[in-house]
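Quick caveat, the model's predicted, so the values are computed rather than measured.
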Amino acid sequence: MIGEFPALLAGKRALALIDGEHYPEVVREALRSLPCRVAGALLVGGKEKLRGSPDFGVRLLSGGLADAVAACGAELVVDLSDEPVVGGRERMHFTAQALACGVAYAGADFYFAPPRPAAYDLPAISIAGTGKRIGKTAVGGHTARLLARRWKVVVVAMGRGGPAEPVVMTSSPDMAGLLELSRSGRHAASDYVEDAVFARVPTVGARRCGGGFAATPLTSNVEAAAAVAAGLSPDLVLFEGSGTVLPPVQTRRRILVVGGGQCPERVLGYAGAYRVLVSDLVVLTLADPHLDVRPLRRAIEQVREVPLIAAALRPRPVSDISGRRVAFFTTASAAAVPGMVEHLTTSYGARVVHASTALADRGRLGAELREVDAEVFLVELKAAAIDMVAEHAERRGVPVVLCDTQVVSLPGEPCLDQALLDLGQEAVAS
């Protein structure tokens with residue numbers, strides 16, 4: 001019997017993963033003891049205990065795990081392999097593959113259930129990320145602006161600081177409106193607010209808590225937010241994920257945003273490959289144009305051949321800052337700031353006298369605000385942008401300019417806008 005999970009396995013049609021470091025008769029006996037119906041086996045390596053054509057008592061399948069699951073119609077993958085053939089790293093890769101196939105993955109002391117996103121009848125695209133502060137909301141806003149030229153688009157954005165009940169925002173609030181929102185106790189820099197301000201499409205705010213190996217939240221009110229979005233009669237709904245968590249709603253297409261500064265192990269380690277396996281487009285974002293993303297690109301391509309486009313993230317002030325002494329507040333890394341400042345100088349004529357990466361560090365941000373001397377505060381709509389930077393600016397009589405983020409394909413890359421339009425058309429037509 002497998003661990004504590006016999007009831008979860010009982011009666012299910014299963015694919016068994018086996019290795020040649022066990023004698024075939026040992027494997028045959030183990031397979032007979034399982035509470036599931038083993039429809040086939042995949043030999044994943046090892047040959048020490050094998051002689052000739054071994055008999056494992058079930059049909060041996062070829063190809064990869066996904067091929068074997070499809071060939072035997074498995075609802076479950078049961079792992080009977082072990083070290084030295086399959087260790088923790090390999091096992092987590094099997095986890096990602098099984099869950100991407102929509103089947104459970106079980107072994108001696110583990111059981112991973114595949115995500116079961118809520119059904120959704122409307123055309124929809126999800127936009128998720130592989131971490132925090134990698135440009136997922138920027139890509140989401142860019143996608144919403146672009147697709148809204150052709151279709152009526154509504155964005156559902158979930159966050160760790162989202163509202164307890166879904167909140168609809170149908171207009172873009174100005175700075176006074178953002179301050180009023182913050183003073184009422186709401187998070188005025190939540191992703192749904194940012195989308196409403198910069199994308200200028202109707203948005204619905206939602207929240208989630210926790211996240212699993214397969215990018216699933218522990219709890220969320222996204223399903224309720226999805227129903228609210230449907231009530232707005234959209235042609236197309238964009239669901240934004242949160243951190244590394246996918247929206248728990250079934251969408252027709254999926255976009256994955258990967259930070260160019262992330263290491264491959266951080267993106268793909270454990271069951272991280274799952275996000276790549278279930279995506280239709282990968283956008284590799286670079287705030288620092290000098291980053292070498294070739295190792296990350298190769299690692300993603302080894303997981304799956306999926307369309308991948310590298311794109312630059314560039315700050316874009318929403319109003320004129322030319323010739324003015326500017327204090328710039330961002331959540332970007334310190335390594336990315338010189339390139340951002342250079343872009344603000346050359347493209348917008350700003351005189352950047354202070355560049356802060358403390359927008360998400362309230363203690364450090366407070367200290368900087370007490371010392372900074374500038375004519376204009378340029379701030380991303382994130383973290384403490386409103387309740388600290390904008391409040392401080394109002395007390396001192398300093399104007400605040402919000403800073404959006406442009407997403408632009410790098411030279412030599414496929415056209416991101418065309419890829420997004422194609423996905424939109426596929427979602428609407430399918």
Is any side-chain heavy atom of C209 closer than 4.5 Å to one of L218? no
If every non-hydrogen atom of A311 is compared with every non-hydrogen atom of V283, which pair is closest and at what distance? CB-CG1, 4.3 Å
Which atoms form the tightest heavy-atom contact between P163 and Y192, and what is the distance? CD-CE2, 4.0 Å
Please report the closest heavy-atom contact between A14 and A74, naming both atoms and the distance. C-CB, 4.1 Å
Can you confirm whether E165 is buried at CD, in the sense that more than 12 heavy atoms of other residues, nucleotides or ligands lie under 6.0 Å from that atom? no
Please give me the minimum heavy-atom distance between P234 and V154, naming the atom from each residue. CB-CG2, 3.7 Å
Take atom CZ in R160; do more than 12 heavy atoms of anything else shown fall under 6.0 Å from it? yes
Determine, for E75 against K12, whether the closest basic-nitrogen to carboxylate-oxygen distance falls under 4.0 angstrom. no
Output all residues satisfying salt bridge (charged side-chain N to carboxylate O under 4.0 Å, His left out) with R294, sequence neighbours left out; order by chain, then residue number. D292
For Y111 together with Y105, are the ring centres under 6.0 Å from each other? no
The reported gap from CZ in R37 to CG in L76 (rounded to nearest 0.5 angstrom) is 11.0 Å
State, yes or no, whether a side-chain contact exists between P24 and D55 at a heavy-atom distance under 4.5 Å. no
Would one find more than 12 heavy atoms of other residues, nucleotides or ligands at under 6.0 Å from atom CD of E25? yes
Would you find a donor on one side and an acceptor on the other, under 3.5 Å apart, between the side chain of S220 and the backbone of P217? no
Would you find a donor on one side and an acceptor on the other, under 3.5 Å apart, between the side chain of D235 and the backbone of W151? no
For the pair R304 (side chain) and S279 (backbone), establish whether a donor and an acceptor sit closer than 3.5 Å, ignoring hydrogens and angles. yes
Ignoring hydrogens and angles, tell me if any N or O in the side chain of S184 forms a donor-acceptor pair with the backbone of L181 under 3.5 Å. yes
Counting N and O atoms only, with roles assigned by atom type, does the side chain of T251 sit under 3.5 Å from a partner on the main chain of I125, one being a donor and the other an acceptor? no
Is it the case that atom CZ in R200 sees more than 12 heavy atoms from other parts of the structure closer than 6.0 Å? no
Tell me whether R297 is salt-bridged to E413, with the criterion being a basic N under 4.0 Å from an acidic carboxylate O. yes
Between the CD1 atom in I255 and the CZ atom in F239, the distance rounded to the nearest 0.5 Å is 13.5 Å
Counting C-beta onward and ignoring hydrogens, is there a side-chain heavy-atom pair between R208 and V245 closer than 4.5 Å? yes
E301, CD: over 12 other non-hydrogen atoms inside 6.0 angstrom: yes
Verdict with supporting geometry, E342 and R314, salt bridge (Lys or Arg N to Asp or Glu O under 4.0 Å): CA-CA 10 Å; E342 180 182 1; R314 297 171 178 164; over 6 Å; no
Which of D195, D417, D404 passes salt bridge (charged side-chain N to carboxylate O under 4.0 Å, His left out) with R145? It is D404
Between CG on residue L421 and CZ on residue R149, distance to nearest 0.5 Å: 8.0 Å
Looking at the rings of F329 and F377, which for Trp means the six-membered one, are their centres under 6.0 Å apart? yes
With a 4.0 Å cut-off, would you call K382 and E194 a salt bridge? yes
Ring centre gap for F198 and H142 strictly below 6.0 Å: no
With side chains defined as the heavy atoms from C-beta onward, is the minimum distance between H354 and F328 less than 4.5 Å? no
Test your reading of the model: is there a side-chain donor-acceptor pair from R59 to the backbone of A41, 3.5 Å cut-off? no
Closest non-hydrogen atom pair between A104 and A98, with its separation: O-CB, 4.4 Å
Value rounded to 0.5 Å, distance of CD in E240 from OG1 in T143: 8.5 Å
Would L296 and L284 satisfy side-chain contact (heavy atoms from CB on, under 4.5 Å), going step by step from the backbone distance to the final call? CA-CA 9 Å; L296 182 54; L284 192 58; 3.4 Å; yes
Within 6.0 angstrom of E223 CD, more than 12 heavy atoms from elsewhere: no
Check whether the side chains of T331 and E380 place a donor and an acceptor atom closer than 3.5 Å, and report yes or no. yes
Taking L423's backbone N and O only, do any of them form a donor-acceptor pair with D280's side chain (distance below 3.5 Å, no angle check)? no
From CA spacing to verdict: side-chain contact (heavy atoms from CB on, under 4.5 Å), V193, M169: CA-CA 7 Å; V193 179; M169 188 166 283; 4.1 Å; yes
Taking C-beta and beyond as the side chain, do H22 and K49 meet within less than 4.5 Å on heavy atoms? no
Candidate pair L420 and L281, rule side-chain contact (heavy atoms from CB on, under 4.5 Å), full reasoning: CA-CA 9 Å; L420 295 174; L281 171 68; 3.9 Å; yes
Between F213 and F112, is the ring-ring contact (aromatic ring centres under 6.0 Å, His included) condition met? List the steps. CA-CA 9 Å; F213 283 103; F112 288 94; 5.5 Å; yes
Output for pair (S182 OG, I386 CD1), nearest 0.5 Å, gives 7.0 Å
Shortest non-hydrogen contact between A358 and L365, atoms and distance: O-CB, 3.4 Å
R91 side chain vs S81 backbone, donor-acceptor pair below 3.5 Å: yes
From I127 atom CD1 to R253 atom CZ, the distance as rounded to the nearest 0.5 Å: 14.0 Å
Salt bridge or not between K136 and D191? Use side-chain N to carboxylate O under 4.0 Å. yes
Between T95 and A271 (side chain of the first, backbone of the second, donor and acceptor by atom type, cut-off under 3.5 Å), is there such a pair? no
Does the pair K47/D19 count as a salt bridge with the N-to-O cut at 4.0 Å? no
Going through the distances and angles, do R316 and Y348 end up as a side-chain contact (heavy atoms from CB on, under 4.5 Å)? CA-CA 8 Å; R316 184 186 70 85; Y348 296 98; 3.2 Å; yes
Do the side chain of Q302 and the main chain of A299 share a donor and acceptor less than 3.5 angstrom apart? no
